[in-house]
Amino acid sequence: MGGYSFEIITGPMSCGKTEELLRRIRRCIIAKKKVKVISPDVDTRSKGDYIESRNGLWLDAVKVKHSIEIMHFVKDAEVVAIDELQFFDSNIVKVITQLMNEGKKVIGTGLELDFKAEPFGSMPELMCIATKVDKLHAVCMKCGCEHATRTQRLIDGHPADKNSPLIMIGGDETYEARCIKCYELPDVKAKQKALGLKLLQFNKK
């Protein structure tokens, strides 16, 4: 249970990241470690100052806007747990590095890929500096396979367009886990452009 470590739990939506984080935090509490839980204030799914897993487990948390603020709340902590790392600004890498240098144990969760299946925020750098990385899989909500690694954004029940905003907070009605085969990312603008070119060529004839 020593410090100088950074464990990161990653994977798509609905794979149990927060649930696993809560399990590890409770083990630290049983070991009588001083624990502080941090969550980004952009994540509004929880209505209060706490983090909550999909199966109803929860724990008090401090919500912060800027990653540098974390340093003010964890001075006496031996273990720092940070949920939803992908939502923090780029200084989160320096903050976690500093926490490790101070001898603290850091445990974090985060989506490694955004809804476009592209690296999300500072997650690539965080996974590089982590001393342990656990990559969880979910059940694909379309075909039922147990190797879903993508987060499918849905708008009115249909796959969101590639040009949708990067950040869109939502639960099961907005996001679902999918395997690579079932994952979809329509590009309406590209289709419209291709259709326009076809119409232009047709009119020239």
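Note that these values count all heavy atoms, side chains included, but never hydrogens, waters or copies made by symmetry.
Salt bridge status for Glu7 with Lys105: present, with a side-chain N to carboxylate O gap under 4.0 Å.
No side-chain heavy atom of Phe6 sits under 4.5 Å from any side-chain heavy atom of Leu99. With a 4.5 Å cut-off on side-chain heavy atoms, Met123 and Leu85 count as touching. Considering only heavy atoms from C-beta on, Thr151 stays 4.5 Å or farther from Leu113 through its side chain. Taking the side chain as every heavy atom from C-beta outward, Val79 and Ile25 never approach each other to under 4.5 Å.
Note that CZ of Phe88 is 4.5 Å distant from CD1 of Ile70, once rounded to the nearest 0.5 Å. A distance of 9.0 Å separates CD1 of Ile9 from CG of Asp83, quoted to the nearest 0.5 Å. Between the OG1 atom of Thr97 and the NZ atom of Lys94 there is a distance of 10.0 Å, given to the nearest 0.5 Å. Taking NZ of Lys63 as the reference point, atom CZ of Phe73 lies at 13.5 Å (rounded to 0.5 Å). One distance of note links CD of Gln98 with CD1 of Ile96; it measures 12.0 Å at 0.5 Å rounding. Note that CG of Asp161 is 7.5 Å distant from CG of Leu185, once rounded to the nearest 0.5 Å.
Contact record, Met13 with Leu111: N-CD2, 3.6 Å, taken as the closest heavy-atom pair. Taking every heavy atom of both residues into account, Tyr183 and Arg150 meet most closely at CD1-CB, 3.7 Å. Here the closest heavy-atom approach between residue Gly110 and residue Thr10 is recorded as O-OG1, 2.8 Å. The nearest pair of heavy atoms linking Ala81 to Leu21 is CB-CD1, 4.0 Å.
Judged purely by atom type and a 3.5 angstrom limit, Gln86 has no side-chain atom pairing as donor or acceptor with the backbone of Gly121. In this structure, Thr109 contributes its side chain and Lys17 its backbone to no donor-acceptor pair below 3.5 Å. Within the 3.5 Å criterion, the main-chain N or O of Ser122 finds no donor-acceptor partner in the side chain of Glu125.
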Check against side chain to side chain contact (heavy atoms under 4.5 Å, CB included), Val62 and Lys36: CA-CA 8 Å; Val62 176; Lys36 184 65 72 172; 4.0 Å; yes
Kindly list each side-chain donor-acceptor pair under 3.5 angstrom involving residues 133-147, sequence neighbours excluded, with atom names and distances?
residue : atom : partner : partner atom : Å
Asp134  : OD2  : Arg24   : NH2          : 2.7
Lys142  : NZ   : Glu184  : OE2          : 3.1

Under 3.5 Å, which donor-acceptor pairs do the side chains of residues 153-160 form with other protein atoms, sequence neighbours left out?
residue : atom : partner : partner atom : Å
Arg153  : NE   : Tyr175  : OH           : 3.1
Arg153  : NH1  : Pro165  : O            : 2.5
Arg153  : NH2  : Pro165  : O            : 3.1
Arg153  : NH2  : Leu166  : O            : 2.8
Arg153  : NH2  : Tyr175  : OH           : 3.0

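No continuous path of hydrophobic side-chain contacts links Ile180 to Phe115 [ILVMFWY only; heavy atoms under 4.5 Å].
At a cut-off of 3.5 Å, with distance as the only test, a side-chain donor of Asp89 or Ser67 sits close to an acceptor on the other residue.
Heavy-atom contacts from other residues, nucleotides or ligands closer than 6.0 Å to CG of Asn101 number more than 12.
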